[in-house]
Each structure stands twice: as C-alpha cells, then as structure tokens.
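Let me begin by presenting the structure, written as structure tokens, before commenting on it.
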Amino acid sequence: QVRELPPLQRRRIRPEPPLPPPPEALDDPSTYEPPPAARSLFRRLLITFLAVLITYTALNQLLALRLSADVTASAFQEQLADPTLVAVADSMTLLLTAGASAAQIQAFLDRRYGPYPHVSVGLYDRDGRRVAVQAGRAGEGPEQLSKATLKASVADGAVRRGVGLGFVLVGPVQATSGDGPPMGYVRFAAQPVASRVVSLVFETTWLWTLPIFLLAALTAFLGTRSITERLREAEDAVLRMARGDQTARIPVGQLDEIGQIAVTFNRTADQLQRSNAELKQTDETRRRLVADFAHELNTPLTNVLAYLETLIMAEEEGGMDPATRLGFIQVAHDEARRLAHLARDLETVTKLEAGRLKMEQELVDISRMAVELARRIIPRAEAQGLEVFTDIAPGGDIVGDQMRLEQIGMNLLENALRYTQAGSVTVSVRCDDAGVTLSVRDTGIGIPAEDLPHVMSRFYRVDGSRNRATGGSGLGLAIVGGIVQ
C-alpha cells in the first residue's frame, strides 16, 4: 500500500528563550558568577574597528581605481586621439587620390596597423559604407555610419566618443587641396590594455594605502586595549566589592564616560563603607547597652528578691516584728525606685544616642535656674553635713530647653552630693562675651586625670568600689554630656 504523505508545512523557527539561572544563583546571588561570554568585549571592539577599516580601505581603493581610470582615459584620448586621426586621414587621402582599390587599402591597413591589436581602423566611402577595416581589440565597427555622425564629423572636424578606457573617432578624409566634399570617412578606435591599467593603479594606490591601513589597525588595537583595560579594572573592583572587600575602588584616570562611572562607583562605595561602619558601631553600641543594662539591673533586682524572700520566709516561720519588717520593705522600695530611675535614665541616654531626644527652644534664665537648683539640694546637703554656696552673676539668659537644662544641673549636683563626704558644694554662674558658664564645684574625693575623658561614658565609674556604696546608676554624667552636646 502506498500511503500518501502529508504536505510539507512551513514552520517559523523562533529563537529559544534564555535559560533560567541555576539554583545556586537563586540561593546565594552574591557568590554566583555567570559563565564567561563566547567573545570578549576587546575582541568584539577590535573586530568592529577592523571591519570599518577594511570597508573604508575597499571603498578608497574603488574610488582610486575609478579616478585613475578616468584620468588614464582622458590622458590616453588627449595624447593619442587627434594626432592618430590626422595621420590616418592623411594616409587615406593619399590612397584614395592614387585610385587604390579596396583590396589595396585593406592590405595597407593590415600591414600598417595589424601589429597594434589595441587599435581598429576603418575606411568608409562618401555615403558612410565601410570599404576596408583592420579590426583590433576595439572591434571592427558598424557597416554603415549614421548620417548624423557624418554631418557632425564634417562640421566639427571629428566626432569623438569615449568607450571604457579608450575612445572612438570619426573624421572626414579631405582632398589634398582641402576643397570640395569629403572623399570618405575614417573611423579610428583604440582601447588600452585594461589589466595593465588596473595593475598600475593598484600598485600605485597600495604603496600608500597599505601602510596607512596597518597604522590604522595598530591604532585601533591600542585604542581598544586602552578602553577594555579600564573596563577590566572596573570589573576587578566590582568583583572585589562583591566578595566583601569594601576598600575596592576603580581608578579614575581621565574624567571621560568611564571616569564618570568610576567616580560614581567610588562615591557609592565610600557611602556604603560609611554606612556599614555606622551599622557596626550601632550594633556594637546596642549590644554594649544591653549588656550594661542587664548588669546594672542585676544588683537591685537581686536585692529586691532577697528582701522579699526574707519577708516570706519570716512570715512562714511566725513573722517578724513590725520595725524589722518595715526596714526590709523600705530597702526593697528604695531598690525599686532605683530601678525606675535607672530605666528613665537609660531611656534618656538611648534617645540621645539615637538623636531622637526632642529639644525645645525657649528663653531660659540660667542665673535664676541655678538659684532654684541650689535651694532644692540644701535639705539633702544639710542632712549630710555639707554647706551649699552660690556665686551667681545675674543676666544669664540663653536659648535652650528649660527642662533639660534643669536636668543637667540636678545631675551635676546629685553627683557632687554623692561623692562629697565633708565640706561644701558651690554653684556658680559666669556671664561674658563668649556665653554663660554654669559650674558645680565640690570638696569631694575628686576624679583622677586619666579618668576625665571617660566620665561622660555610660555606666562608667572611676572606682568599682563606689558602684553600690553610692547607689549611682552610672548614667548621670552621660546624660549631662549628651544633652550639652
């Protein structure tokens, strides 16, 4: 059985879609490196430049060949056409005057012009019919000349027409006396050897075209390499940055398009490096803050739990007298207040470090505020056996936050009372052209010189033995420094 095959159907071939990235590229894009291109950018640019050069050279050769051919044809016609036509016409005049036959004329033409294959010579009678011809490479010509050609040759002396690199001339054969109608007409055609002309043109043009082409190719190679070399430097910097080297930078060099890209990349890398440094510092500060906070909370919480557990155990064993119970409750209450104060101070420090502590702008009289602060601490100072002195100049008006400035003053005074066992605390205000100075001076234990740069740090204490005995949170001076800054 012969089964008829279905007719062939044209099917449009569509390009295949690009392959999806491998799974490892989706899992960790930072470590995925795509496969290298089949042809590098250097090779593609070089091929493009060479293609342009070859096209330009080919067009240049064609234009040079055409121009040379035109110049050669013009020179060939000007130097050969008119003298040759005159010589041929004179020879034909002599033959026709002597009454030579067509055979004799043909023999003359063969003998005289046969050795020259690049020319063709023909003799025509008065009516334009061919009598004899010696046909060379230029062809034997028509059997009959047109009447228009005959009239033009008589009127102008000759009719010339260019054919390729050669020419065709038609001129009258006049009698020796020069009077009367033409005895006949001569057709002279010449065609130089094209191969020799083309060879001459190529030899001439290649003498300067080839060196120029080689110089242009070398320039294209060096220019392409300089471009791709800078791109390789940029690629190397980007790869180093992708691998985690934040110090990678692209050399700028010239401030061209690639230089602009390098400047933009370097600025972005600098900003990224600063952002990473700030993030690391913020993260380190956060961890240190959590650790410090946990450390500072541990002691008061432990004390509160210990006193509460003691009270519970005493109740289980029959209770304790009211005075002792009240003392335990009072100590637990003091520790709880200390915890609340620590939490408030910690919140203030956190806002200061994050730049989120809002500051009001209002007119504040520092002199009056210092007087009020001194009055507040007088009861506590007298209870500790301390004296409070003031040296306050009037007119200490500044623009600032009233509540935060009072917080600064109270923290300084509380710190002075805490570390002064005997003597006095002095509050002074000075006003001059530079501004207003608020100072708190005491006769306490003082601060060693090596610890002065750190007294504004969080939870910093000059001596660890002062930690619990004085009851300070370690945040007072940190708050003072943050608000003042």
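Just so it is clear, the values below take in all heavy atoms, side chains as well, and ignore hydrogens, waters and symmetry mates. As the structure is a computational prediction, the values presented were derived from the model and not from experiment.
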Is there a side-chain contact between [X] and [Y] in this structure, where contact means two heavy atoms from C-beta onward sitting under 4.5 Å apart?
X: Asn266; Y: Gln271; result: no
X: Arg187; Y: Leu169; result: no
X: Asp397; Y: Leu363; result: yes
X: Leu94; Y: Ser91; result: no
X: Val170; Y: Val186; result: no
X: Glu406; Y: Gln402; result: yes
X: Ile408; Y: Leu405; result: yes
X: Leu95; Y: Phe108; result: yes

Taking atom [atom1] of [X] and atom [atom2] of [Y], what is their separation to the nearest 0.5 Å?
X: Tyr124; Y: Arg130; atom1: OH; atom2: CZ; result: 5.0 Å
X: Glu362; Y: Ile398; atom1: CD; atom2: CD1; result: 10.0 Å
X: Met92; Y: Phe188; atom1: CE; atom2: CZ; result: 11.5 Å
X: Tyr185; Y: Gln174; atom1: OH; atom2: CD; result: 8.0 Å
X: Arg430; Y: Ser367; atom1: CZ; atom2: OG; result: 10.5 Å

Least distance between heavy atoms, [X] atom then [Y] atom:
X: Asp125; Y: Val131; value: N-CG2, 3.7 Å
X: Gly396; Y: Val436; value: CA-CG2, 3.9 Å
X: Arg249; Y: Met241; value: NH1-CE, 4.0 Å
X: Gln273; Y: Thr247; value: NE2-CG2, 4.1 Å
X: Val173; Y: Ala89; value: CG1-O, 3.9 Å
X: Gly171; Y: Ser153; value: CA-CB, 4.2 Å

Side-chain donor/acceptor of [X] to backbone N/O of [Y], under 3.5 Å:
X: Asp401; Y: Glu360; value: yes
X: Glu140; Y: Ser120; value: no
X: Asp236; Y: Leu239; value: no

Answer yes or no: is there an ion pair linking Glu229 with Arg232, defined by an N-O contact shorter than 4.0 Å?
yes
Just to verify, which of Asp127, Val159, Leu145 counts as forming a side-chain contact (heavy atoms from CB on, under 4.5 Å) with Leu150?
Leu145
Listed partners of Ser439 passing side chain to side chain contact (heavy atoms under 4.5 Å, CB included), at least two apart
Ser428
Indicate whether any N or O donor in one side chain lies under 3.5 Å from an N or O acceptor in the other, for Gln106 and Asp110.
yes
Before you tell me yes or no, could you show the steps for Thr97 and Met183 under side-chain contact (heavy atoms from CB on, under 4.5 Å), namely the whole-Å CA-CA distance, both residues' side-chain angles and the distance that decides it to 0.1 Å?
CA-CA 9 Å; Thr97 302; Met183 300 173 64; 3.8 Å; yes
